[in-house]
2 protein chains.
Amino acid sequence: MKTSQKQTIYDIARETGTSPSTVSAALNGRWKERRISKETAGRIIELARRMDYSVNRQARGLRTARSGLVGLILPEHDNRFFSDLSQSFTLEARRRSQCPVIIATQRDPAAEESTVQDLMAYSIDALFIAGAADPLRISRICRSANLPHVFIDQPCPDAPSVITDNEAGARALTEAILDSMPTGATPARDRIILIGGDARLHASARRIEGFRKAVVAHTGRCDPEQIIACGYEPDRALDEMHSLYRRMGGLPAGLFANSINVFEALLRFFAHLPEAELLSTSIGCFDFEPYGELLRFPVHMIRQRHRKLVSRAWELMEEGTEGPVLVTVNPELRRARDGAARAGGSA
Amino acid sequence: MKTSQKQTIYDIARETGTSPSTVSAALNGRWKERRISKETAGRIIELARRMDYSVNRQARGLRTARSGLVGLILPEHDNRFFSDLSQSFTLEARRRSQCPVIIATQRDPAAEESTVQDLMAYSIDALFIAGAADPLRISRICRSANLPHVFIDQPCPDAPSVITDNEAGARALTEAILDSMPTGATPARDRIILIGGDARLHASARRIEGFRKAVVAHTGRCDPEQIIACGYEPDRALDEMHSLYRRMGGLPAGLFANSINVFEALLRFFAHLPEAELLSTSIGCFDFEPYGELLRFPVHMIRQRHRKLVSRAWELMEEGTEGPVLVTVNPELRRARDGAARAGGSA
DNA sequence: AGCCGATGCAACATCGATTGTGCAACAGGG
DNA sequence: CCCTGTTGCACAATCGATGTTGCATCGGCT
């Protein structure tokens, strides 16, 4: 089995009594404009198939200055949202016969930068960036290398970006929580509280704004102490939750967790409460986690439409968009199915 | 800003008054054995840094027949275990200055095959395969192209493989479940049941064996009806759970879920039971899911050591292993922290 | 002075594909 | 029969880096 010697167009040329350029033209479907006879092209293509030829992409890439590789940079793989992104990205890339290269950089700006350089050394055709620590810097590098790029789930003031409509999502989530809020809580606890997030960040700011608007529309007002933007650290959120519970003398009637990390902290806190108490509060999480649907109390969740984020990003790329364009995508509200989840209490 | 024209070693050669081959040698640290003076090499390296040169990897790859790319094929990104693998794989690749290319093929044998071909067209230096639908076929392709490859989490009879020690894991998990099994259940329910998995598959078979051994060691016997290998379909598992519950007149004292899917089915079933009843059974899952630790009842879990699986796989690669070698890695038992989780019942 | 072995580097071929150009052979028109 | 187009392809340059070979120059030694 000496089939291991990789075949080249020169081999095919020799076998078919033609020249490499003819073989190349035939295999690329360019035989018509290169005035290769249909019959010759056919012979070449047939032989190539029989010997199972596949082009050397490094050689092609060297000549054409393209590679067929497209990069996606993200913070980490082990995260629901980002792995959903990877999944969608892979599908979209392959639909276009491109090869996806997905690299996680651990939220480390240095790693981000060196990864971008690395990918550029491979002459990737395009770069998608999700959740970079330093978007501007990356954008600048790409721009100076003339590399088309689009940001996903994060706005970059310098480049096309596709992001979730955080405000609309927060509004919808808040309304869902308000809708299912139990009636008859003591006045001290009869309000909805947002916990988590960092008001200085774009995403958080929009979510807070959506929350506020929905609350005002529903209640007529929204007090500052209803918003506890204590960051994304679970431990910090847990602390805040403890003191909130103490201040209010119980759970608030409604709880808006600003991210999955914060939600996890809440779950940890809830582990110490009797189940009945949990059922007396209405909970929402701005993020999606399938396990949320398996809990013994209802949780509304917001799920980003990863599929759509990715496909819109590719569209921007293909349209050759360059400037600072911002496209928003509405997220999906996944209402808790009240019945099933609560049934446990009475079964 | 005309910096967008990518620089080549020819540019550096011109600027430094040297030749391309000299530049290449200098930049690759090979200047000593190429008898380039330290001073010349220094000048070249310095200039390269200043103009921020980076090698064209397609050109290098064409010449050297290597690319610096290493592939990882897996079924899907949106799965805890596989995204953990991706994460570890990325780290290990970058530690070795290789560029990871991770592709999900949706458990589709045709996609797997064409992806392998694709990657080979890029002259990847090595291929890792996790959870392929048709391992033998892939191994054969790689072998005939002389491409070093290793299977992860799946034994291939033709190639080096690194897998989790399913039997040992199952034994440990079973023992943990037995340890925390409540005493005093009615005789009909006082046993441990394994549910899920497909006895025809390697992994399931080993797990069942481990389960059986542990049960026999503990109880003296293990009846066939204690093992319900009904596959991995959640719906199917849910059905089986229902009828088991009916047959036994309640939950068994111990439950061994053979995979995360099955565990999810159990959770769905549990949603209809009062919490007290759940606390009267001891549960284990052969898979890891962080949310399992946030549930209101204790769950023992087995976590595959993705880090170790991946690093052992790289080691096999680097040792140039070729034949059918099977390396096993012990998984980690994550015992439920009884106290915290159960506290909810009494708080 | 003449020979020899380092030393320091330039030239050149090469990897495999793409693409612009050139050139036979043949057909058709005048 | 000559001239002009087509048709059908081969040739050769090129992409950027690597590694082999060869050729000056210089110092030291006899």
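Below, chains carry the letters A, B, ... as their sequence lines are ordered, and counting in each starts from 1.
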*Within this structure, what is the OH-to-P distance between A:Tyr122 and D:dA17, rounded to whole angstrom?*
14 Å
*Could you tell me how the ring of B:Phe89 sits relative to the ring of B:Phe128: parallel (under 30°), tilted (30 to 60°) or perpendicular (over 60°)?*
perpendicular
_Contact state string [nucleotides 7-16 of chain D, B base, S sugar-phosphate only, - no protein heavy atom under 4.0 Å]_ = BBBBBBBBBB
_What is the distance, to the nearest angstrom, from the NZ atom on A:Lys32 to the P atom on D:dT6?_
18 Å
*Does A:His77 offer a backbone N or O that forms a donor-acceptor pair with the side chain of B:Gln87 under 3.5 Å?*
yes
*Please confirm whether the backbone N or O of B:Pro75 pairs with a side-chain atom of B:Thr105, one donor and one acceptor, at under 3.5 Å?*
no
*What residues form a salt bridge (Lys or Arg N to Asp or Glu O under 4.0 Å) with A:Asp11, not counting sequence neighbours?*
A:Arg14
*Look only at the side chain of A:Arg96 and the backbone of A:Glu92, and say whether a donor-acceptor pair between them is shorter than 3.5 Å.*
yes
